[in-house]
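Scroll down for the structure; my scribbles are underneath it.
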Amino acid sequence: MSFVITTPLYYVNDKPHLGSVYTTLICDAIARYKRLLGEDVIFITGVDEHGLKIQRTANEKGIEPKSHCDEISEIFNINWKNWDISFDKFIRTSSKNHELVVNEFYERVKASDDIYMGVQKGWYCVGCEEFKDNPSNSSTYKCPIHQKNLEWKNEENLFFKLSKYQKKIEKIINEPSFIEPIERRNEILNFVSKGLKDFSISRTNVSWGIPVPGYDNHTFYVWFDALLGYVSAISSDKADHSLEKSINGGWPADIHLIGKDILRFHAVYWPAMLISAGMKVPKKVFGHGFLTREGQKMGKSLGNVLDPNLLLSKYGNDPVRWYLIKDISLGNDGDFQDRRFVDIINNDLANTIGNLLNRTSSMSRKWFDNKVPNNEKISKENKLEFLASASVENYINKFNIYKLDQAANEVLSLAINTNLYLNERQPWLLIKESDKLPAVKEIIYNVLESTRIIGLLLQPLLPELSSKINLQLGSTYQKDVPWKQQLQWGQLIGDTKLPKPTPIINKLEYE
RNA sequence: GUCUCGGUAGCUCAGCUGGUUAGAGCGGCGGAUUCAUAGCCCGCAGGUCGCGUGUUCAAGUCACGCUCGAGACACCA
């Protein structure tokens, strides 16, 4: 059984922004987590390259759409590597194999008698190049963006019989686990209950797209094409790619993680399309929130767009991951605040976790010949062992239901509890009494062990920091041993050499 | 316009089916300690729980109204 997780296929109109980085980082954490649990993960990301907007952007730059897409796609690809994203597939919707899959899919949908030629008519703004749905549309209505009169337009389009799937879609979205979070689910339920209308899947005025077989001047509407990228991605690296290859390769997706703005396409149109083609629907569509900055919407007009690459180069990968994962609850909107960012990183990562490792390792080295002490096990019950196993359990429970922020907080509280334990036991006093040596050994072993577990728990969230922690404990994550097994108490081996501790994370300064 | 969600300490937010002195983290202030990255640990924050009315023995927690904010109401992704 494979676990298929997808980011949206990002529109190549512009380079990656913080929002796409956010989505992708979350997916990466989930993908890493599932791999640690031993699942066969297919982590899909990629780019959506067709459509009028791209065509126009390329025209403005005076280049072919294809070269524009090559350029931006490469930026995305490099970008994800810089962020250490562990994706398995990177799909480009302009690729040949994708086109083959789209055509095959289209044939299936056609065979289900779900395609017909219709007329898209309505009030059209030439400036926006789109139809405006205006209840009181009259010829005097002006487009609010362009301040121009609308034109009445008829356009021949191929339509997909979405209305036919009303009942089936209702059934799917009624399943509480299908759409998360629940607030978004209500919106979709409400939308669907008003009755589904067929939607057009082809355009006649867009040349940059996949041609519809049999209709010379038609190309597929970008959404019809883009959603299929999730499917074609699965077989993208196969020599002979076909729809069947993708289906057998792991479809359906276990989770589509997307921004809340594109929920409807994923939770309504997409399942209907899939049913029509005789395919399975995704198991879950998760619409996360948006990021604001210092309480304000980010936008070009406000000039407050936060460049993710700047964050990466200035602060590094793990701090950004920690902030976005731990401080924003998945599904809610989140606010990026410079001050808070610095505080959180310094407190959580440097002071609580980093310093714990540092003080622990220092004591052990100082008193036990630069080594891990042997576990004396003199106490009847081990408080830290109890706390650690509780944290591991909670962490896994939270992660399984995609409450990543709570999982992260679980790690943090284990670190806090471990610091607390140290302060209670005060081994630095006990060490002065020679008969207390066994007790000191036990305490130090426990604390080192707890720290090792903290490091392991951080593996899917902060891969870099995690390995740094374990390295300093002389205990690396072992690929051949199940992660859950390594999370069990008591795996740290006595007499292991401890390297000289160095800070695993530098403190940030607020400017 | 219709509908949905939210308005709780300086900031970010927890508070499930109503019930002892309303909680956490961060920031701020004070204290104790030294193994450690001036760090960890301990204590302090007296907040009309947006406003008003009502239901109730009892409401942050329910109902209604108002107000402010976010969002949905189909082909921009």
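Computed from a predicted model, the values in this text were never measured in an experiment. Proteins come first, then strands; the chains are lettered A, B, ... in the order of their sequence lines, and each starts at number 1.
Between B:C40, B:U34, B:A74, one nucleotide has an atom nearer to the side chain of A:Asn423 than all others, and that is B:C40.
In this structure, A:Lys194 and A:Asn190 have side chains that are in contact, with non-hydrogen atoms separated by less than 4.5 Å. Two residues are said to be in side-chain contact when any heavy atoms from C-beta on lie closer than 4.5 Å; A:Thr292 and A:Phe290 fail this criterion.
Among the candidates A:Thr23, A:Asp48, A:Asn79, the single residue satisfying the side-chain contact (heavy atoms from CB on, under 4.5 Å) test with A:Tyr10 is A:Thr23.
Here the closest non-hydrogen pair linking A:Trp208 and A:Glu49 is NE1-O, 2.6 Å.
Nearest-nucleotide assignment on RNA chain B puts the 5′-proximal partner with A:Ser329, out of A:Ser329 and A:Arg339. The residue among A:Asn346 and A:Ile188 whose nearest nucleotide of RNA chain B lies closer to the 5′ end is A:Asn346.
Rounded to whole Å, the separation between the P atoms of B:U33 and B:G25 comes to 23 Å. The separation of B:A70 from B:C29, taken at their P atoms, amounts to 34 Å, rounded to a whole angstrom. Taking atom P on both nucleotides, B:U61 is separated from B:G19 by 11 Å, rounded to a whole Å. Distance check on atom P: B:C26 versus B:U67 gives 39 Å, rounded to whole Å.
Taken to the nearest 0.5 Å, the OG1 atom of A:Thr418 stands 5.0 Å off from the CG atom of A:Leu384. A distance of 9.0 Å separates OG1 in A:Thr219 from CD1 in A:Ile210, rounded to the nearest 0.5 Å.
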Requested in this report: Kindly express the pairing pattern of RNA chain B in dot-bracket notation, using | wherever a base pairs with another strand and counting only Watson-Crick or G-U pairs under 3.5 Å.
Outcome: (((((((..((((.....[...)))).((((.(.....).)))).....(((((..]....))))))))))))....
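Contact annotation: A:Arg264 reaches the phosphate of B:C73 (side-chain N/O to OP1 or OP2, under 4.0 Å). Of the side-chain N and O atoms in A:Asn351, one or more sit less than 4.0 angstrom from OP1 or OP2 of B:C40.
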